[in-house]
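To start, the structure itself, in structure tokens.
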Amino acid sequence: MKKFSALFGGTKPVIAMVHLAPMPGTPLYDAEGGVEAIVEAARRDLKALQDADVDAVMFGNENDRPYELEVDTASTATMAFVIGQLRKEIQKPFGVNVLWDPMASVALATATGASFMREILTGTYASDMGPWTPNAGKAMRYRDRLNRSDLVMLANVSAEFAYSLDRRDLADRARSAVFSSIPDAILVSGAITGEAAEMADLVAVKKVLPDTPVLANTGVKHSTIADVFKVADGCIVGSSLKVDGDTWKAVDAARAAEFMRLAKAARGD
């Protein structure tokens, strides 16, 4: 928890997504544009987000559909290359998320010098990708073997595209995850990318974890950021900052700037 506060300075951070274009080897990859097209699209989104003064950015392979639980090495390697090409342009703290592979996310964070990572680290799920049983112990031991004990681990406890086979309620699962798996923050999500977490879920999780950062992970909108920040300790946002609010489009600089204006007002900046 101290690492989260040290990284974000005690504020309620807005962590904005740089959704990378599909990686080589994935069905939606643009072979004609190649890796350079991925770099240039990411560069444009990064500039728009930093110009809007988001608090941090996170690079993710949201477009690598169908998703995998053990990601192809080419995806992780390409993500490392893209971030490396942009490294001197990154002015904010940055994180990574290789969907849905904690080990790949730790490796990518190490290779790029990312300050934080996001993943599903605990639980058992029936998912679109098949049976899903992440291993927090394995991921965190891997982090330490790579000499990245400083890496801030954001643990999503309500997996998207999945149904939890653990029938404890979400607040109990979140409280248990903090005790057993020592993440630096807990994330609460909606059912799929771009869909909002239930406000009741945010309230319930924060109630049982008053001393742990709890962030809204999906679906935060311009119209809801003020209410979200009354409960949550920050948010991760992607789709709402895109052209027409469409996950698969580029970042809209004006939408991003307006979102940050509202977020700063909500937290009293």
Side-chain angles (χ1 to χ4, degrees), residues 1 3-4 7 15 17-20 23 25-26 56-80 82-83 93-166 170 173-174 176-189 192-193 212-215 217-218 236 238:
M1 321 318 174
K3 289 191 293 183
F4 183 91
L7 178 60
I15 301 171
M17 294 301 304
V18 178
H19 288 148
L20 301 177
M23 300 290 111
T26 63
V57 296
M58 180 158 55
F59 296 91
N61 61 330
E62 202 76 34
N63 278 289
D64 279 1
R65 297 169 286 159
Y67 299 125
E68 298 178 296
L69 299 178
E70 294 183 7
V71 171
D72 190 308
T73 304
S75 291
T76 309
T78 304
M79 291 179 74
V82 172
I83 295 169
F94 77 93
V96 297
N97 183 199
V98 186
L99 300 170
W100 296 92
D101 190 333
M103 302 296 280
S105 295
V106 171
L108 180 61
T110 300
T112 59
S115 298
F116 61 95
M117 60 159 278
R118 171 183 69 175
E119 251 309 329
I120 304 292
L121 297 172
T122 58
T124 301
Y125 307 89
S127 79
D128 293 352
M129 295 75 70
W132 190 355
T133 54
N135 188 327
K138 186 177 180 181
M140 291 197 173
R141 284 166 173 80
Y142 187 44
R143 173 201 66 184
D144 289 356
R145 287 205 309 275
L146 296 180
N147 199 31
R148 284 304 313 270
S149 59
D150 63 312
L151 181 64
V152 175
M153 307 283 275
L154 310 182
N156 184 0
V157 294
S158 43
E160 299 117 278
F161 313 102
Y163 175 82
S164 175
L165 300 178
D166 181 343
L170 182 61
R173 286 188 277 129
S176 182
V178 168
F179 185 95
S180 69
S181 302
I182 56 173
D184 297 294
I186 290 293
L187 309 180
V188 180
S189 306
I192 65 173
T193 298
T212 299
V214 174
L215 282 69
N217 188 47
T218 60
I236 297 172

For this session: Taking all heavy atoms of Val178 and all of Pro183, pick out the closest pair and write down the distance.
Result: CA-CD, 3.8 Å
Seminar exercise, completed: Closest non-hydrogen contact found for Val157 with Tyr125 is O-OH, 3.8 Å
For this session: Could you pull out the closest heavy-atom pair between Pro93 and Leu7, with the gap in Å?
Result: CB-CD1, 4.0 Å
For this session: Could you tell me the separation between the CG atom of Asp64 and the OG atom of Ser75, rounded to the nearest 0.5 Å?
Result: 4.5 Å
For this session: State whether a side-chain donor-acceptor pair under 3.5 Å links Ser189 with Asn156.
Result: yes
For this session: Take Ser181 and Thr122 through the side chain to side chain contact (heavy atoms under 4.5 Å, CB included) test and state the conclusion after the steps.
Result: CA-CA 8 Å; Ser181 302; Thr122 58; 3.3 Å; yes
Exercise. Is the Phe94 ring parallel, tilted or perpendicular to the Phe59 ring (thresholds 30°, 60°)?
Worked result: perpendicular
Problem set entry | Lys3 side chain near Phe116 side chain, heavy-atom distance below 4.5 Å | no
For this session: Rounded to the nearest 0.5 Å, what's the gap from CD1 on Ile236 to CG on Asn217? Could you check?
Result: 4.5 Å
Problem set entry | Donor-acceptor contact present, side-chain Asn97 to main-chain Gly60, <3.5 Å | no
Exercise. If you round to the nearest 0.5 Å, how far is CG of Leu187 from CD of Glu160?
Worked result: 9.0 Å
Exercise. In Å, rounded to the nearest 0.5 Å, how long is the span from CD1 of Ile120 to CH2 of Trp132?
Worked result: 4.5 Å
Exercise. What are the two closest non-hydrogen atoms of Leu151 and Met117, and how far apart are they?
Worked result: CD2-CG, 3.8 Å
Problem set entry | Donor-acceptor contact below 3.5 Å, side chain Glu119 vs main chain Asp101 | yes
Seminar exercise, completed: Heavy-atom closest pair (Leu69 atom, Gly130 atom, distance to 0.1 Å) is CD1-O, 4.5 Å
Exercise. Is there a donor-acceptor pair closer than 3.5 Å between any side-chain N or O of Asp184 and the backbone N or O of Phe4?
Worked result: no
Seminar exercise, completed: What one should report as the nearest heavy-atom pair of Met23 and Thr26 is O-OG1, 2.6 Å
For this session: Count the heavy atoms of every other residue, nucleotide or ligand shown that sit under 6.0 Å from CZ of Arg141, and state whether that count exceeds 12.
Result: no
Seminar exercise, completed: So CG of Leu99 and CG of Asn61: to nearest 0.5 Å the spacing works out to 4.5 Å
For this session: Output, in order, the C-alpha distance, side-chain angles, deciding distance and verdict of side chain to side chain contact (heavy atoms under 4.5 Å, CB included) for Ile15 and Leu215.
Result: CA-CA 10 Å; Ile15 301 171; Leu215 282 69; 4.1 Å; yes
For this session: May I ask you to check whether over 12 heavy atoms, not counting those of Leu146, lie within 6.0 Å of atom CG?
Result: yes
Exercise. For Arg148, what residues pass the salt bridge (charged side-chain N to carboxylate O under 4.0 Å, His left out) criterion, not counting sequence neighbours?
Worked result: Asp150
Exercise. So, Thr193 and Glu62: side-chain donor and acceptor under 3.5 Å apart, yes or no?
Worked result: yes
Exercise. Ignoring hydrogens and geometry, is there a side-chain-to-backbone donor-acceptor pair from Ser105 to Val98 under 3.5 Å?
Worked result: yes
For this session: Evaluate the ring planes of Tyr67 and Phe161, with Trp represented by its six-membered ring, and classify them as parallel (under 30°), tilted (30 to 60°) or perpendicular (over 60°).
Result: tilted
Seminar exercise, completed: Interatomic distance, CE@Met103 vs NZ@Lys138, rounded to 0.5 Å, equals 5.0 Å
Exercise. Given side chains that start at C-beta, do those of Thr124 and Asp166 come closer than 4.5 Å, heavy atoms only?
Worked result: no
